[in-house]
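Count residues from 1 along the sequence. Just so it is clear, the values below take in all heavy atoms, side chains as well, and ignore hydrogens, waters and symmetry mates.
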Amino acid sequence: MMCSLWRGSLLTLTSSLNRRVFQCCRQLGRSYNIASCMPEAVAFQGVSDHSGLYKFSVNESDRFWGAVARQRLSWISPFHTVQNCDFSQGKIKWFEGGKLNVSVNCLDRHVQTCPERVALIWERDEPGTEVKITYRQLLELTCRLGNLLKRQGVRRGDCVTIYMPPCPLAVASMLACARIGAAHNVVFAGFSSEALADRIRDAQSSTVITVNQGVRGGKVVDLKRTVDQAVQNCPSVQQVLVAMRTENTVAMTDRDVPLEEEMMKEDVVCEPVAMDSEDVLFLLYTSGSTGKPKGLVHTQAGYLLYTSLTHRYVFNYHDGDVFGCVADIGWITGHSYIVYGPLCNGGTTVLFESTPVYPNPGRYWEMVERLGINQFYGAPTAIRLLLKYGDEWVQNYNRSSLKTLGSVFLLKNVRHCWLRAVGEPINTEAWEWYHRVVGDGRCPVVDTWWQTETGGICIAPRPSDPEAEIVPGMAMRPFYGIKPALLDTEGEVLSSNDSTGALCISQAWPGMARTIHNHHQRFTETYFHPYPGFFFTGDGAHRSKEGYYQIVGRLDDVINVSGHRLGTAELEDVVNQCPGVAESAAIGYSHDIKGEGVYVFVVLKKAVMVEEDVLAQQLREMVSRSIAKYACPDFIQVVRCLPKTRSGKIMRRVLRKVVERNTDELGDLSTLDDPDSVHEVISGHRRLCGDGKQQ
């Protein structure tokens, strides 16, 4: 079985650009029983529809979350207190007194009822060589690995660092840690040795799990070599467990342990440890405003409950569906919607190892056809990239499997599928293409908003009442238990609709991070001090006349032009509506007169040929019409591609440094997918600003 793990075959639009609404989830019948959607609602007096259920979840928070937690999770010992939270102290505690084991909730209870159901489909880099792992097999892997970790000296409360690409053994490593009471620290397998070392040291890990090599986009990456370089500066590391992704041998030291070989010596039974609800489940490091990564702490019961509930209701997931989230497990999206949410729900989840364009731009859609994916969760950056290649690569493949079946929002004969967009806000053109081409005009595109700090999706168009509208590009509706608030610069709550302000959340929810590892003061200062009594997300948002929420971007991604605050996402959305533009990135820079000027980087669609001056004039006219004259870019630079991480996120920090002419402060570029793109951006910037012809 160990050998087979690695080598086995193991948007129709209905109105104008200003407001395009997609009506979805129509129910032709008149009756709508909310309890058939959420059985716990039977006990909630006066709740008869989604709106009532949402109001109950925020007004009767203890009753709502208590009922859901008792029903959805398997407890070793029951909890006695639903929540004990105080934002003024940054104190967040849920389900105190309760004991459970996360791996039991994700594996054992499903093995008892459906042992041969597929838990994981590993979509390897090589197309057509997917590996399927059942719940029984995944439990066996997890137990063997848990026993191996214990033999290597890992104990309850330790933190194990995992530096692996998306693969079954990476998931088993996460679950093995949860089973024996250790925390895990998954580090994206594109980070440099220095970045990895920083995270190992901060987590104080004695054990690292990795692979000999990674394979991505047809290229082999020496991950073990990166780990070797990192641990030279990590005195706490005592052993490195090394799995074999490729046939290539790597140098092994006395510290290194051959993972598969040693696992096979272990028993297939590993007794799960009873963990307190608020024991640490994992650390996940995210960029901080100071430049030093912050290790956000997520705990056991609250996080697991929230990810499972959002996975079930935002994605309308049902037993038998195949859930395709194409994120990396090194990010919170992978934690929540590849591993913990789907597995807690007994789902079948896809692990995507490759890239959207390998071996060609049809990779996603060929995978959808071959694996029969029902829900597809992708990033706007990838969607914009694929839009650049045109419709043919999508239409070559059958995507009819993209659907939801038997939900309360649909009659059985009405077929809809669900597409998701994560990360940055999705622009209008990409939304339309996603809906019209990928979804054949029948698939709602649901833009979700959340963060590493929130643990799971907080605002999304679904769940909702059956015939509720979806507005393109809007996150729209808060999830159960989430109570958003908009605050102005004076800290006053903006209570009316058609308002824009800092997006905060006014009460606790189970999935939120508990602290920053070893730095609780930084946690409270970052999230609770800016607006006392609220959790500050760092994002700005607009609440429409109808009460829907639209994310306008990070508040530090707002350009202040002559006293006018301009959201970069808003500006990019207009630029991306130009027929020849595939994607863009807007950056603010210091301007002697206006305070800040606007600099826009543009990637053209394939085969589009246009003079840069002509394009600049066209885009300025579009921005002037759609926003205002003050928003017109001072500089528009055409680039072959934007510098992005391997996960597809635009490196705006790098672009900002280039525009500010601080190229000697670019920082760590090891996560870039195409390092040459930075040099091209720098040379283009010098050419453009050197002659000053656009300014």
Side-chain angles (χ1 to χ4, degrees), residues 34-35 37-47 50 52-102 104-106 109 178 274-282 296-314 336 340-341 344-345 450 453-459 463 478-485 504-515 520 523-524 527-528 533-535:
I34 189 66
C37 169
M38 179 176 283
E40 295 91 339
V42 171
F44 303 155
Q45 187 175 3
V47 172
H50 167 76
L53 183 58
Y54 169 74
K55 291 176 181 177
F56 185 90
S57 73
V58 294
N59 295 331
E60 300 284 348
S61 182
D62 277 22
R63 289 183 58 195
F64 176 83
W65 289 114
V68 172
R70 293 183 186 95
Q71 180 69 25
R72 308 265 170 162
L73 299 182
S74 297
W75 296 89
I76 297 171
S77 301
F79 55 88
H80 54 67
T81 303
V82 174
Q83 61 176 305
N84 179 14
C85 306
D86 183 350
F87 278 3
S88 66
Q89 301 177 39
K91 181 176 75 172
I92 314 294
K93 294 182 181 296
W94 285 83
F95 311 120
E96 287 181 295
K99 293 182 181 294
L100 78 173
N101 187 277
V102 165
V104 170
N105 278 270
C106 290
R109 60 178 181 170
M275 302 295 290
D276 292 335
S277 294
E278 283 299 324
D279 283 337
V280 177
L281 178 60
F282 64 84
L296 290 162
V297 175
H298 283 284
T299 54
Q300 309 274 330
Y303 170 81
L304 186 65
L305 177 67
Y306 195 74
T307 56
S308 67
L309 207 67
T310 49
H311 173 256
R312 175 74 73 181
Y313 290 107
V314 173
S336 297
Y340 288 111
C344 185
N345 287 331
W450 59 299
E453 291 87 342
T454 70
I457 294 164
C458 288
I459 307 179
F479 189 72
Y480 302 127
I482 301 297
K483 191 176 181 181
C504 299
I505 302 177
S506 59
Q507 61 188 39
W509 66 100
M512 66 190 302
R514 301 308 197 251
T515 189
H520 190 69
F523 181 69
T524 58
Y527 301 107
F528 300 105
F534 296 87
F535 174 86

Peer 1: Enter the distance from Ser308:OG to Asn345:CG here, rounded to the nearest 0.5 Å.
Peer 2: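 Spacing of OG (Ser308) from CG (Asn345) equals 5.0 Å.
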
Peer 1: Under the 3.5 angstrom rule, does the side chain of Thr81 hit a backbone N or O of Glu96 as a donor-acceptor pair?
Peer 2: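 Not at all, since once roles are kept as given, no pair shorter than 3.5 Å links the two residues.
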
Peer 1: Is a side-chain donor or acceptor of Trp94 paired with a backbone partner of Ala508 at a separation under 3.5 angstrom?
Peer 2: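 No.
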
Peer 1: Are any non-hydrogen side-chain atoms of Pro463 and Tyr54 less than 4.5 angstrom apart?
Peer 2: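 Not in contact.
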
Peer 1: Is the backbone N or O of Ala301 less than 3.5 Å from a side-chain atom of Ser277, with the two atoms forming a donor-acceptor pair by type?
Peer 2: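 Side chain of Ser277 to backbone of Ala301, a donor-acceptor pair under 3.5 Å: no, none is there.
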
Peer 1: Measuring from Arg72:CZ to Asn105:CG, what's the distance to the nearest 0.5 Å?
Peer 2: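 Interatomic distance, Arg72 CZ to Asn105 CG, rounded to 0.5 Å: 13.0 Å.
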
Peer 1: Any chance you could lay out the side-chain contact (heavy atoms from CB on, under 4.5 Å) test for Leu100 and Gln300, step after step, and finish with the verdict?
Peer 2: CA-CA 8 Å; Leu100 78 173; Gln300 309 274 330; 4.2 Å; yes

Peer 1: So for atom NZ, which belongs to Lys99, do other residues, nucleotides or ligands contribute more than 12 heavy atoms lying within a distance under 6.0 Å?
Peer 2: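 Counting neighbours around NZ of Lys99, more than 12 heavy atoms of other residues, nucleotides or ligands fall under 6.0 Å, so yes.
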
Peer 1: Which heavy atom of Leu296 sits nearest a heavy atom of Ala513, and at what distance?
Peer 2: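 In this case the closest contact between Leu296 and Ala513 is CD2-CB, 4.2 Å.
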
Peer 1: Which atom pair, heavy atoms only, marks the closest approach of Leu304 to Thr307?
Peer 2: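 That closest heavy-atom pairing would be O-OG1, 3.1 Å.
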
Peer 1: I need the Ser506 OG to Phe534 CZ distance, nearest 0.5 Å.
Peer 2: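 Those atoms lie 6.0 Å apart.
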
Peer 1: Please check this pair: side chain of His298 against backbone of Gly511, looking for a donor-acceptor N/O pair closer than 3.5 Å.
Peer 2: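 Present.
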
Peer 1: Decide side-chain contact (heavy atoms from CB on, under 4.5 Å) for Lys483 and Ser57; before the verdict, give the C-alpha distance in whole Å, the side-chain angles of both, and the deciding distance to 0.1 Å.
Peer 2: CA-CA 9 Å; Lys483 191 176 181 181; Ser57 73; over 6 Å; no

Peer 1: Would you please indicate if the ring centroids of Trp450 and Tyr306 are separated by under 6.0 Å?
Peer 2: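 Distance test on ring centres: not under 6.0 Å, no.
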
Peer 1: Given the side-chain rings of Phe523 and Phe528, with only the six-membered ring counted for Trp, is the space between their centroids under 6.0 Å?
Peer 2: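 Ring-ring flag for Phe523/Phe528: true, centres closer than 6.0 Å.
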
Peer 1: Do Glu40 and Arg70 pass the salt bridge (Lys or Arg N to Asp or Glu O under 4.0 Å) test, and can you show the C-alpha distance, the side-chain angles, and the key distance before you say yes or no?
Peer 2: CA-CA 10 Å; Glu40 295 91 339; Arg70 293 183 186 95; over 6 Å; no

Peer 1: Tell me if a side-chain donor or acceptor on Gln507 pairs with a main-chain N or O of Val58 at a distance below 3.5 Å.
Peer 2: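 Yes: the side chain of Gln507 pairs with the backbone of Val58.
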
Peer 1: Can you list the steps and then say if Asn59 with Phe64 is a side-chain contact (heavy atoms from CB on, under 4.5 Å)?
Peer 2: CA-CA 9 Å; Asn59 295 331; Phe64 176 83; over 6 Å; no

Peer 1: Hydrogens and angles aside, do Gln83 and Asp62 bring a side-chain donor and acceptor to less than 3.5 Å of each other?
Peer 2: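 Side-chain D/A pair, Gln83 to Asp62: present.
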
Peer 1: Atom CD1 of Ile457 and atom CD1 of Ile482: how far apart are they, to the nearest 0.5 Å?
Peer 2: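 That separation rounds to 11.0 Å.
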
Peer 1: Which heavy-atom pair separates Met38 from Val68 by the least distance, and what is that distance?
Peer 2: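 Of all heavy-atom pairs spanning Met38 and Val68, the closest is SD-CG2, 4.4 Å.
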
Peer 1: Which heavy atom in Ile459 sits nearest to a heavy atom in Pro484, and how many Å separate them?
Peer 2: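 Smallest heavy-atom distance, with atoms named: CD1-CG, 4.5 Å.
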
Peer 1: Output the distance between atom OH (Tyr480) and atom CH2 (Trp65), rounded to the nearest 0.5 Å.
Peer 2: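 Going from the OH atom of Tyr480 to the CH2 atom of Trp65 covers 10.0 Å.
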
Peer 1: Go through Cys344 and Leu305 one step at a time and tell me if the side-chain contact (heavy atoms from CB on, under 4.5 Å) criterion holds.
Peer 2: CA-CA 8 Å; Cys344 185; Leu305 177 67; over 6 Å; no

Peer 1: Is it true that a side-chain atom of Thr310 and a backbone atom of Gly456 form a donor plus acceptor pair closer than 3.5 Å?
Peer 2: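 Flag not set: sc Thr310 to bb Gly456 has no pair under 3.5 Å.
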
Peer 1: Can you tell me how the ring of Phe535 sits relative to the ring of Trp509, calling it parallel under 30°, perpendicular over 60° and tilted otherwise?
Peer 2: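 Taking Trp509 first and then Phe535, their aromatic rings stand perpendicular (interplane angle over 60°).
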
Peer 1: Specify the closest pair of heavy atoms between Asn101 and Ala178, including all atoms of both residues, with the distance to one decimal.
Peer 2: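 Nearest pair, atom of Asn101 first, then Ala178: ND2-O, 3.2 Å.
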
Peer 1: Would you give the length of the straight line joining atom CZ of Arg514 to atom NE2 of His520, rounded to the nearest 0.5 angstrom?
Peer 2: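 That separation rounds to 11.5 Å.
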
Peer 1: Which pair of heavy atoms, one from Glu278 and one from Ile92, lies closest together, and at what distance?
Peer 2: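 Taking Glu278 first and Ile92 second, the nearest heavy atoms are OE1-O, 3.7 Å.
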
